[in-house]
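Please read the structure below before turning to the comments.
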Amino acid sequence: MTSAFALARNGRRTLRQGPDALAHRQRERLASMVDFARANSPYYRELYRALPERVEDPALLPVTHKQDLMARFDEWVTDPEVTIDRVRAFVADRRRVGERFLGRYLVTTTSGTTGHRGLFLLDDHAAAVVRALSLRAVAGRQVPGRHSLVVTPRDGASSPGAPRNGMP
C-alpha cells in the first residue's frame, strides 16, 4: 500500500526540482492515465479514439458527465468484477458500511441532488492520493506563498475506473 506521507514527500521533492520538472511529471502521468484508460475501459477507448496516440495536454480530453458515466458504468470501470448492480447492492446493504467492496475498494457516493447519484470506487493507492492532497492542502494553508501540487496515481496502478485521477 502506498503511504500518503510518501506521496506528499515525493510531491515536495518534485516541487523543489522546479517548474520544468513538475510540468514534465504532469505530462508523463497524464499520458500514462490516458494509456491506461484506453487499454482497460471500453468507454474511454471509444471516447479517446480521435485523440493523438500520446496525450500530454488535458485540454485535449473530452468532458465527461456523471449522468453519462453512471449510464455506462460497466463500460468505464476497468476491473471486470465491478458492475453497477454489484456496487448498488453493496451500498444498499447497511451492514456493509465500513467494509471494502470486493475487499479492495472504498465506495463513495454523491447525494444525487442534480438528479443523478454517482458511485465511485477508490483502491488503496487512490485513497492515499486523496489523503496526500489533504495533507498538502493543510500544509499550504500553514505556509503562505507555497505552490499547490497535484499528486496523481502512479503509472500502471490497477483501479476499477479510468482515467487514473483518483476516481475510478
Closest heavy-atom contact between Ser3 and Ala128? C-CB, 4.4 Å
Taking 4.0 angstrom as the limit, do Arg27 and Asp57 come out as a salt bridge? no
Indicate the atoms forming the closest heavy-atom contact of Ser41 with Glu75, along with that distance. OG-O, 3.1 Å
When rounded to the nearest 0.5 Å, the distance separating CG of Leu119 from CD1 of Ile84 is 4.5 Å
Go through it in stages, so that I can follow the logic: the residues are Tyr44 and Thr78, the test is side-chain contact (heavy atoms from CB on, under 4.5 Å), and I'd like the CA-CA distance, side-chain angles, deciding distance and then a yes or no. CA-CA 10 Å; Tyr44 281 102; Thr78 59; over 6 Å; no
Is there a side-chain contact between Leu61 and Leu30, using heavy atoms and a 4.5 Å cut-off? yes
Validation row: Leu106, Phe101 side chains within 4.5 angstrom (heavy atoms): no
Answer yes or no: is there a donor N or O on one side and an acceptor on the other, between the side chain of Asn40 and the main chain of Asp79, under 3.5 Å? no
Atom OG1 of Thr64 and atom CG of Leu69: how far apart are they, to the nearest 0.5 Å? 4.5 Å
Backbone N/O of Gly112 and side chain of Arg117: donor-acceptor pair under 3.5 Å: no
Exercise: identify the closest heavy-atom pair between Phe90 and Glu99: CZ-O, 3.4 Å
Could you give me the CA-CA distance, side-chain angles and deciding distance for Thr109 and Phe120, then say whether side-chain contact (heavy atoms from CB on, under 4.5 Å) is met? CA-CA 6 Å; Thr109 64; Phe120 301 96; over 6 Å; no
Quick one: closest heavy-atom pair of Val82 and Val77, and the distance? O-CG2, 3.5 Å
Does a salt bridge link Arg54 with Glu28, judged by any charged N lying under 4.0 Å from a carboxylate O? yes
Heavy-atom pair with the smallest gap, counting every atom of Asp124 and Arg131: O-NH2, 4.5 Å
The test is side-chain contact (heavy atoms from CB on, under 4.5 Å); show your working for His116 and Met70 and say whether it passes. CA-CA 8 Å; His116 305 285; Met70 293 304 104; 5.7 Å; no
Distance (rounded to the nearest 0.5 Å) between Leu102 CG and Asp123 CG: 12.0 Å
So, does Arg86 use its side chain to make a donor-acceptor pair with the main chain of Glu81 at under 3.5 Å? yes
Aromatic plane relationship, Phe73 with Trp76 - under 30° parallel, 30 to 60° tilted, over 60° perpendicular: perpendicular
Go through His125 and Val129 one step at a time and tell me if the side-chain contact (heavy atoms from CB on, under 4.5 Å) criterion holds. CA-CA 6 Å; His125 187 78; Val129 168; 3.9 Å; yes
Working for salt bridge (charged side-chain N to carboxylate O under 4.0 Å, His left out), residues Glu46 and Arg72: CA-CA 12 Å; Glu46 176 188 322; Arg72 295 184 62 187; 3.1 Å; yes
With distance as the sole test, does Arg38 use its side chain to make a donor-acceptor pair with the main-chain N or O of Tyr48 at under 3.5 Å? yes
Taking all atoms of both residues into account, what is the closest heavy-atom pair of Pro62 and Leu47, and its distance? CG-CG, 3.5 Å
